[in-house]
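First up is the structure itself, then whatever we jot down about it.
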Amino acid sequence: MATNDYESGLKMMEELTTDAQQIQDQLLGEILSKNAETEYLQGFLHGQTDKQLFKKKVPIVTYEHLKPYIDRIANGEASSDILLVEPLTGFSLSSGTSGGLPKLVPTTAESAHKTATFNKLYRSVMIKHFGDINQAGKRMELMFAKPEVETPSGLKASAVSTRAFKGSSFKAILPKLYTSPFEIIFCPDTKQSMYCQILFGLIQRNEVVMIGSIFASTVVRSIKFLENNWKELCSNIKTGQISEWITDSGCRNAASLILKPNPELADLIEDVCSCKSWEGIIRKLWPKTKYIGTVCTGAMLQYTAELEFYCGGLPLVSGFYACSEGAIGINLEPLCKPSDVSYTFLPNMVYYEFLSIKEDCDTDSQNQVQLNAMSHHEDTGPVDLVNVKLGQCYEVLVTSSMGLYRYKVGDIIKVTGFHNNTPQFQFVGRQNVALGVDMERTSEADILKAVAEAKALLDPLGLILTEYTSYGDTSSTPGHYVIFWEIKPKEGNNNNGKELDPKVMEECCSKMEDSLHFTYRMYRKENMIAALEIRVVKQGTFESLLDYFVSKGASLSQYKTPICIKSKEALNILDSRVIAKFFSPRTPTQDN
């Protein structure tokens, strides 16, 4: 990006955040004017485009409300009179791992234009803080494309990341700016793809200036993969021959162009990887890396401790907030800690409304606030972008040029500040992800906080909680919460639970219960909920869980370990690998 483009991007950001209300009203007007005669809006507005009428007549909806309309388009009905006027170019396919089955979200040429604008704004912010890394070297980004699915209409559905990888602009810059070639990114076998992407990154180690992936979980998995396969990778580099089990023709052809015998490099990598501790391994293997670019907020916070251990002090940069429904926000302070990240809404992307959750997210009863956030809203109606209140939690609604009107994205956010006239926010959790075994409801945010409190007890033992998930076990009465933990030693030795101190693990159970909301603790005291249980699973269990979801169609690039397990098959994978069980030995404290 030229200097004038970078400066114009920052200027655009200032203008957008200053004129937020005007831009939002203009955007809504354009969407309604263009689509007023569609079947969906005609049923509520009868061709009118007034903002207040829109808010009064058009209902707030979830994906299930719009699904019949989207299915009609996907099945081949003409789309011009159903949800939107602009011709569709395809569908975005959500990951399906946050809260259920994958969703089809319409995409148009306008969608691509907004993505280009978003990329300009985002790159401008990153250049401001890190310089233009495109001029400094290459990115080692772990990227995994899923095959497109053709709908009966002939329109193709694909993950947002896959659509980006297939774009002509991305293909043009790929060889110069990224370590992984096109063929490897699109390899249908994720294990072969992962192996080759790490191999190519090692070969080009002196050119790598940034390492990352969409989510922190993928970066952590890549390091674990390297930990298990570095000897074989070194052998490939030493001999100049790729392993025979890499059978994908695209991977083999790509490897033949870059893989030459290099015993010196192989010995160097072997020396680094054979050391006792892998603390700082990323910096040791890729010494010119400036930062780790990956989402570390929300459910990804659980991976930050392990990632910090591996990265040797490199900044963990959560640069943006996006979903299948659109690009929503940018982190204007990318050097801040993951726990402090706030994103600034982009007023020109979609029209926002916000359903108020509670007056204050910071009271002593924070967990009770988050509990209520998952179950109901206040009686007040939705508010516009510029009218949200500092410190308050909201559920996000979007109206977009893609045929989504007053649509619940499913995310709960907390307003943390303002940049000019535009709010900044932290991601709190998913609206529809909750545990419950009686009348209580425990949110994703509740679980994240409780696990964060409990896992601190592992530090003195030299252990790291690498991944976790949960489910509500109602197979007996009363029901109880089950938390699956995968634990590893900091120095990489296998212990698979053999050295876990039962007293410490029981205290972890109690610590979680003490950290949960008032209703949970009250129900536990009244024996309406049984003691919380932690089930420790074998190392590699969450890799198997990932493999299961990928086999069901999830994109590895977009995969997020579910905070709460819904699938019986996934639960069976976890239960079959349990090596130790611990229960809370006491009822939780009441003064939290």
Side-chain angles (χ1 to χ4, degrees), residues 24-25 27-36 38-45 49 51-74 79 82-86 88 90-96 98-108 110-111 114-115 118 157 160 321-329 343 345-357 373-374 376-377 381-385 388 393-413 423 425 427-433:
Q24 280 278 280
D25 287 344
L27 178 58
L28 178 62
E30 291 172 354
I31 293 170
L32 296 181
S33 296
K34 186 182 293 186
N35 299 296
T38 58
E39 177 185 326
Y40 184 80
L41 286 181
Q42 182 78 323
F44 303 110
L45 299 179
T49 61
K51 175 182 175 180
Q52 295 308 316
L53 189 66
F54 167 77
K55 292 195 168 208
K56 182 178 180 182
K57 296 292 186 181
V58 177
I60 295 169
V61 298
T62 64
Y63 180 75
E64 292 307 312
H65 293 102
L66 294 182
K67 186 177 184 297
Y69 298 92
I70 294 173
D71 286 348
R72 286 167 57 193
I73 300 171
S79 61
I82 298 178
L83 279 175
L84 68 166
V85 170
E86 187 176 358
L88 268 65
F91 296 94
S92 291
L93 195 62
S94 72
S95 65
S98 290
L101 296 172
K103 299 176 290 186
L104 287 176
V105 179
T107 60
T108 64
E110 176 68 15
S111 310
K114 287 186 180 295
T115 299
F118 168 81
V160 175
Y321 171 92
C323 52
S324 300
E325 293 80 9
I328 304 298
Y343 302 101
F345 280 105
L346 299 175
N348 60 330
M349 292 293 148
V350 297
Y351 178 74
Y352 304 98
E353 294 176 89
F354 300 88
L355 284 169
S356 177
I357 302 298
M374 301 301 117
H376 71 271
H377 304 95
V383 297
D384 287 345
L385 179 67
V388 296
C393 291
Y394 297 91
E395 182 174 3
V396 182
L397 312 179
V398 300
T399 295
S400 76
S401 58
M402 300 185 294
L404 306 178
Y405 307 101
R406 310 198 83 191
Y407 173 88
K408 289 185 174 184
V409 174
D411 290 350
I412 304 296
I413 60 97
F425 67 95
F427 175 78
V428 173
R430 293 287 295 174
Q431 192 276 339
N432 59 345
V433 178

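These values consider heavy atoms only, across backbone and side chains, with no hydrogens, waters or symmetry-generated copies.
Taking Lys57 as the reference, nothing meets the salt bridge (charged side-chain N to carboxylate O under 4.0 Å, His left out) condition, with sequence neighbours excluded. With sequence neighbours excluded, the residues forming a side-chain contact (heavy atoms from CB on, under 4.5 Å) with Thr49 are Leu32, Ser33, Ala36, listed by chain and number. Looking at residues two or more places apart in sequence or on another chain, you find a salt bridge (charged side-chain N to carboxylate O under 4.0 Å, His left out) between Asp384 and Lys51, Lys55. With sequence neighbours left out, Tyr321 forms a ring pair (Phe, Tyr, Trp, His ring centres under 6.0 Å) with Tyr343, Phe425. Judged as a side chain to side chain donor-acceptor pair (under 3.5 Å), and not counting sequence neighbours, the contacts of Glu353 are Arg406. Residues that satisfy the side-chain contact (heavy atoms from CB on, under 4.5 Å) test with Val105, not counting sequence neighbours, are Ser92, Ser324, Glu325, Met402, Leu404. For Pro68, there are no side-chain contact (heavy atoms from CB on, under 4.5 Å) partners at least two apart in sequence or on another chain. Partners of Thr62 by side chain to side chain donor-acceptor pair (under 3.5 Å), not counting sequence neighbours, listed by chain and number: His65. Judged as a side chain to side chain donor-acceptor pair (under 3.5 Å), and not counting sequence neighbours, the contacts of Ser111 are Thr108. Gln42 meets the side chain to side chain donor-acceptor pair (under 3.5 Å) test with no other residue; sequence neighbours excluded. Partners of Phe54 according to the ring pair (Phe, Tyr, Trp, His ring centres under 6.0 Å) rule, which considers only residues two or more places apart in sequence or in another chain, do not exist here. The ring pair (Phe, Tyr, Trp, His ring centres under 6.0 Å) test applied to Phe118 returns Phe320, not counting sequence neighbours.
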If you apply the rule salt bridge (Lys or Arg N to Asp or Glu O under 4.0 Å), what do you find for Lys103 with Glu64, and how did you get there? CA-CA 9 Å; Lys103 299 176 290 186; Glu64 292 307 312; over 6 Å; no

The test is side-chain contact (heavy atoms from CB on, under 4.5 Å); show your working for Ile60 and Tyr407 and say whether it passes. CA-CA 6 Å; Ile60 295 169; Tyr407 173 88; over 6 Å; no

Could you walk me through whether Thr38 and Leu83 pass the side-chain contact (heavy atoms from CB on, under 4.5 Å) test, one step at a time? CA-CA 6 Å; Thr38 58; Leu83 279 175; 6.0 Å; no

Start with the C-alpha gap between Ile70 and Lys67, add the side-chain angles, then the distance that decides, and say whether side-chain contact (heavy atoms from CB on, under 4.5 Å) holds. CA-CA 5 Å; Ile70 294 173; Lys67 186 177 184 297; 5.6 Å; no

List the steps, then state whether side-chain contact (heavy atoms from CB on, under 4.5 Å) holds for Tyr63 with Lys408. CA-CA 8 Å; Tyr63 180 75; Lys408 289 185 174 184; over 6 Å; no

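Within the 4.5 Å cutoff, the side chain of Phe91 has heavy atoms near those of the Ile73 side chain. Using a 4.5 Å heavy-atom threshold, the side chains of Leu88 and Thr107 count as separate. Annotation: side chain of Phe354 is not in contact with side chain of Leu397 (no heavy-atom distance under 4.5 Å).
Checking side-chain atoms of Glu395 against main-chain N and O of Val409 turns up no donor-acceptor pair under 3.5 Å. A donor-acceptor pair is defined here as one N or O able to donate and one able to accept, closer than 3.5 Å; such a pair exists between the side chain of Glu86 and the backbone of Glu110. Remark: side-chain polar atoms of Gln24 are not paired, donor with acceptor, to backbone N or O of Leu385 under 3.5 angstrom. The closest donor-acceptor contact from the side chain of Tyr352 to the backbone of Thr399 lies at 3.5 Å or more, if one exists at all. Side chain of Ser356 to main chain of Tyr394: no donor-acceptor pair is present (N/O by atom type, distance under 3.5 Å, no hydrogens or angles).
The line from CD1 of Ile328 to SG of Cys323 is 4.5 Å long, rounded to the nearest 0.5 Å. Atoms CG and OG, on Leu28 and Ser400 in that order, are 11.5 Å from each other to the nearest 0.5 Å. Distance NZ/Lys34 to CG/Leu84: 9.0 Å, rounded to 0.5 Å.
Just one of Val388, Val350, Ile413 meets the side-chain contact (heavy atoms from CB on, under 4.5 Å) condition when paired with Phe345; it is Ile413.
Taking the six-membered ring where tryptophan is involved, the planes of Phe44 and Tyr40 are perpendicular, since the angle between them exceeds 60° and thus also 30°.
When all heavy atoms of Leu27 and Pro347 are compared, the closest pair comes out as CD2-O, 3.8 Å. Residues Lys114 and Ser401 come closest through the heavy atom pair CE-OG, 4.0 Å.
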